[in-house]
Amino acid sequence: MSGAASKPILMFDSGVGGLSVLAALRAVLPAAPVIYVADNAGLPYGGKSEAEIAARVSGLLGRMTERLRPRLVCIACNTASTIALAAVRDVLEVPIVGTVPAIKPAAAMTRTGVIGLLGTEATIRQGYVDRLEAQFAADKILLRHGVPDLVTMAEAHLRGRPVDPAAAMRAADGLRAMPGGERIDTVVLACTHFPLIADQLGMAFGPGVRFIDGAAGIAQRIVSLTQGQAFERTEPDLALFTRDEPDLTDLAPALAAAGLHRTAVF
Ligand code: DGL
């Protein structure tokens, strides 16, 4: 019994972005043992090709699930999910929860009918996003903007470095410069890194704009897929990186705040 109860939930991202999803999971399943995986050797995913991301993510998750035996895998990354979810489902037998841009709730929230979407360059060009738009926001205007600088900004912020608010201003200006962009009242944070810099984004967009991301929905999906299961943490939760880097130690306070008290390299 305690064997099954101590099986972890594996949460995966290219970097620290998935910590925004982990925070939502902690709020609803505080007892769940978690292994958080950051593929920092592959960061950033946003500038890579579809083929490279699909091969990398399914290969890594295949090896990791074999070694770590999670009860469930959460791909806490919009880029990896919108590109590789189907490929990963083909190779893994454990339940998989993906992260997809929160276009559906954004469409319900907007009053002006104009929604902004900030994501990586890879995410915003996906057919997956086209399909969400057609299904849930066909009567709205959805303006997409790829902002790799914000990934860099979130990584720096969680390492305790001062961040330049200009990157957040450029993201807001980029969206607003699109036709209809001045009427944006709702912005989908379609990259798990972005909620980590919500304060900076809030200042850049100003008080008239609301943000939405998928973290709470993902956490609820994990709750429903693990319904009736026991959870027992037999050792401190682990943060696993795919490459050792000197500045990983700078992440220790952010990892500890996320309940990740051990660090290792896969
Ligand atoms: N956190 C990832 C996402 O949700 C992307 C960051 C990257 O470019 O690797 O899309």
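Just so you know, ligand 1 is whichever comes first in the structure, and atom 1 is the first atom listed for that ligand. We use all heavy atoms of the structure for the numbers below, so side chains are in, but hydrogens, waters and symmetry mates are not.
Ranking protein heavy atoms by distance to atom 2 (C) of ligand 1, first place goes to Cys77 SG, 3.2 Å. In this structure, the protein non-hydrogen atom closest to atom 8 (O) of ligand 1 is Gly46 N, 2.9 Å. Among all non-hydrogen protein atoms, the one lying nearest atom 10 (O) of ligand 1 is Thr79 OG1, 2.6 Å. Scanning all protein heavy atoms for the shortest distance to atom 7 (C) of ligand 1 gives Tyr45 N, 3.3 Å.
For the pair Lys7 (side chain) and Gly3 (backbone), a donor-acceptor distance under 3.5 Å is absent. Side-chain atoms of Glu155 come within 3.5 Å of backbone N or O of Val16 as a donor-acceptor pair. For the pair Arg71 (side chain) and Ala4 (backbone), a donor-acceptor distance under 3.5 Å is present. Of the possible polar contacts, none joining the Ser20 side chain to the Leu196 backbone as a donor-acceptor pair under 3.5 Å is found. A distance-only check finds a donor-acceptor pair linking the side chain of Arg176 to the backbone of Phe205 [under 3.5 Å]. Looking only at distances, no side-chain donor or acceptor of Thr110 sits under 3.5 Å from a matching main-chain atom of Ala106.
Annotation: Thr120 places no N or O atom under 3.5 Å from an N or O atom of ligand 1; distance criterion only.
Between Thr242 and Asn40, the side chains place a donor N or O and an acceptor N or O closer than 3.5 Å (distance only, hydrogens not considered).
In Thr192, the parts holding a heavy atom less than 4.0 Å from any atom of ligand 1 are both the side chain and the backbone. Heavy atoms of Ser14 found under 4.0 angstrom from ligand 1 belong exclusively to the side chain. If you look at Asp13 next to ligand 1, the close heavy atoms, those under 4.0 Å, all belong to the side chain.
Within the listing of ligand 1, atoms 9 (O) sit less than 4.0 angstrom from a heavy atom of Leu43.
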